[in-house]
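Before any comments, here is the structure.
Note: hydrogens, waters and symmetry copies are ignored here, and every other heavy atom, side chains too, is used. What you see is a predicted model; the values in this text were computed from it and never measured.
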Protein chains: 2
Amino acid sequence: MAESSSALTEAVFYILLSLGQPLHGYGIMQRTEELSGGRVKLAAGTLYGALTTLQDKGWIEPAGGEGRRKSYRITPDGRAAARAELARLRELTHNGETIIGGWTE
Amino acid sequence: MAESSSALTEAVFYILLSLGQPLHGYGIMQRTEELSGGRVKLAAGTLYGALTTLQDKGWIEPAGGEGRRKSYRITPDGRAAARAELARLRELTHNGETIIGGWTE
DNA sequence: CTATATACATCGGAAACCGATATAACGAAA
DNA sequence: TTTCGTTATATCGGTTTCCGATGTATATAG
């Protein structure tokens with residue numbers, strides 16, 4: 001790939017989408033499954049690994065936590081990354097529609 | 001992720017889109033860059049690795065080759081995979097628009 | 001003749017995902 | 001009250017995929 005707006009993985013995109021409001025890890029799992037209509041189920045390893053990576057990137061940050069839960073919130077950089085990804089997805093979808101639309105039918 | 005329609009990488013999606021007509025490896029590189037408006041540039045390792053993987057999956061197949069070029073064509077399974085990916089992209093784009101559209105603004 | 005573009009291929013390293021495993025607290029049912 | 005399912009976080013090893021570098025070779029343009 002190697003380009004300006006590098007692709008986000010589906011897991012990361014849904015994690016960011018899930019954090020419109022502060023939410024804890026397990027809640028992100030559930031919200032992702034809900035948002036995707038049950039299609040995307042984050043594995044524990046994927047989620048908690050990504051939470052660390054995303055904090056290192058500054059796209060999410062801790063937002064306190066009640067009891068044993070650890071909540072996170074999305075940062076401005078995180079929102080920017082999600083918007084950039086949406087733009088990439090739109091372009092990709094558009095290209096796919098144009099080209100695949102011209103196949104046999 | 002772990003789901004019914006597993007995500008294709010951008011590299012693989014563009015390789016499939018490039019093969020509307022039989023084309024050789026290097027041509028796929030160029031066509032991908034062209035189709036993506038210069039944004040996606042396939043690294044050699046990515047391309048030739050993916051060509052092997054995609055043949056193993058039965059999504060592309062050899063289509064002869066003039067001289068030192070090796071051409072490939074997409075198979076019906078390959079087309080199905082591209083269409084499934086397009087559906088996934090549409091859903092993802094739609095979800096992204098809905099949710100991100102509700103942010104700050 | 002030499003540099004650039006074409007063309008294929010492999011290698012090692014880095015990400016990212018997954019499933020399994022571990023730990024632990026909670027609430028409900030038996 | 002004990003046991004089971006859910007909530008909740010975390011780590012580990014293995015697999016896949018990508019990337020950039022490197023290698024080889026031919027063709028073409030300057």
Side-chain angles (χ1 to χ4, degrees), chain A residues 1-16 18-19 22-34 36 39-57 59-72 81 85 88 92, chain B residues 1-16 18-19 22-34 36 38-72 81 85 88 92:
Chain A
M1 232 132 307
E3 228 14 57
S4 41
S5 73
S6 191
L8 300 194
T9 63
E10 194 170 42
V12 166
F13 189 56
Y14 271 114
I15 290 172
L16 294 179
S18 295
L19 291 176
L23 197 57
H24 56 100
Y26 195 80
I28 294 173
M29 281 186 177
Q30 297 174 310
R31 184 121 177 80
T32 292
E33 190 168 350
E34 177 201 330
S36 69
R39 196 180 59 81
V40 180
K41 287 161 192 167
L42 299 179
T46 305
L47 174 71
Y48 292 104
L51 288 179
T52 300
T53 305
L54 291 175
Q55 279 183 89
D56 291 347
K57 283 185 175 171
W59 291 2
I60 66 173
E61 60 186 10
E66 319 119 52
R68 59 200 167 109
R69 294 176 171 179
K70 290 187 186 174
S71 280
Y72 300 89
E85 174 65 5
R88 190 190 70 88
L92 205 52
Chain B
M1 232 130 310
E3 229 12 59
S4 41
S5 73
S6 190
L8 300 194
T9 63
E10 194 170 41
V12 166
F13 189 55
Y14 270 115
I15 290 172
L16 294 178
S18 296
L19 291 176
L23 196 56
H24 56 101
Y26 195 80
I28 294 172
M29 280 187 179
Q30 298 173 311
R31 185 123 178 78
T32 292
E33 190 168 349
E34 178 203 331
S36 68
R39 195 180 60 80
V40 180
K41 287 161 191 166
L42 298 178
T46 305
L47 174 69
Y48 293 106
L51 288 179
T52 300
T53 305
L54 291 175
Q55 280 183 89
D56 292 346
K57 283 184 175 172
W59 291 3
I60 66 173
E61 61 187 8
E66 321 118 52
R68 61 203 166 106
R69 293 175 172 180
K70 289 187 186 173
S71 280
Y72 301 88
E85 175 64 5
R88 190 190 68 89
L92 206 50

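- Atoms CG (B/Asp56) and P (D/dT16) sit 11 Å apart, rounded to a whole Å.
- Listed by chain and number, the residues in a side chain to side chain donor-acceptor pair (under 3.5 Å) with B/Ser36 amount to none (sequence neighbours excluded).
- Atom-to-atom distance recorded for B/Thr46:OG1 and B/Lys41:NZ is 14.0 Å, nearest 0.5 angstrom.
- The CG atom of B/Leu51 sits 13 Å away from the P atom of D/dT17 (whole-angstrom rounding).
- Atom C1' of nucleotide C/dC17 and atom CD1 of A/Ile15 are separated by 11 Å, given to the nearest angstrom.
- Phosphate contact (OP1/OP2 of C/dA15, side-chain N/O of A/Thr9, threshold under 4.0 Å): absent.
- Shown here are the side-chain contact (heavy atoms from CB on, under 4.5 Å) partners of B/Glu61, two or more places apart in sequence or in another chain: B/Arg73, B/Thr75.
- Distance, B/Lys41 NZ to D/dG20 P: 11 Å, rounded to whole Å.
- What separates NZ of B/Lys57 from C1' of D/dT17 is a distance of 10 Å, to the nearest Å.
- The nearest whole Å value for the distance from the CG atom in B/Leu54 to the P atom in D/dT17 is 9 Å.
- Per the geometry, CG belonging to A/Leu42 stands 15 Å off C1' belonging to D/dA10, to the nearest Å.
- The side chain to side chain donor-acceptor pair (under 3.5 Å) check on A/Thr32 picks up A/Ser18, with sequence neighbours excluded.
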Please list, one pair per line, the donor and acceptor atoms closer than 3.5 Å that link side chains of residues 48-60 of chain B to other protein atoms, with sequence neighbours excluded.
| residue | atom | partner | partner atom | Å |
| --- | --- | --- | --- | --- |
| B/Thr52 | OG1 | B/Tyr48 | O | 3.3 |
| B/Thr53 | OG1 | B/Gly49 | O | 3.1 |
| B/Gln55 | NE2 | B/Leu51 | O | 3.4 |

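- Closest-nucleotide positions on DNA chain C for A/Gly45 and B/Gly49 were compared, and the one nearer the 5' end corresponds to B/Gly49.
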Enumerate all atom pairs, one protein N or O and one N or O from nucleotides 5-9 of chain D, separated by less than 3.5 Å.
| residue | atom | partner | partner atom | Å |
| --- | --- | --- | --- | --- |
| D/dT7 | OP2 | A/Tyr26 | OH | 2.9 |
| D/dT7 | O2 | A/Arg68 | NH1 | 3.2 |
| D/dA8 | OP1 | A/Arg69 | NE | 2.2 |
| D/dA8 | OP1 | A/Arg69 | NH2 | 2.2 |
| D/dT9 | OP1 | A/Lys70 | N | 2.9 |
| D/dT9 | OP2 | A/Gly25 | N | 3.3 |
| D/dT9 | OP2 | A/Tyr26 | N | 2.5 |
| D/dT9 | OP2 | A/Tyr48 | OH | 3.1 |

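- Under the side chain to side chain donor-acceptor pair (under 3.5 Å) criterion, B/Gln30 pairs with no residue at all, not counting sequence neighbours.
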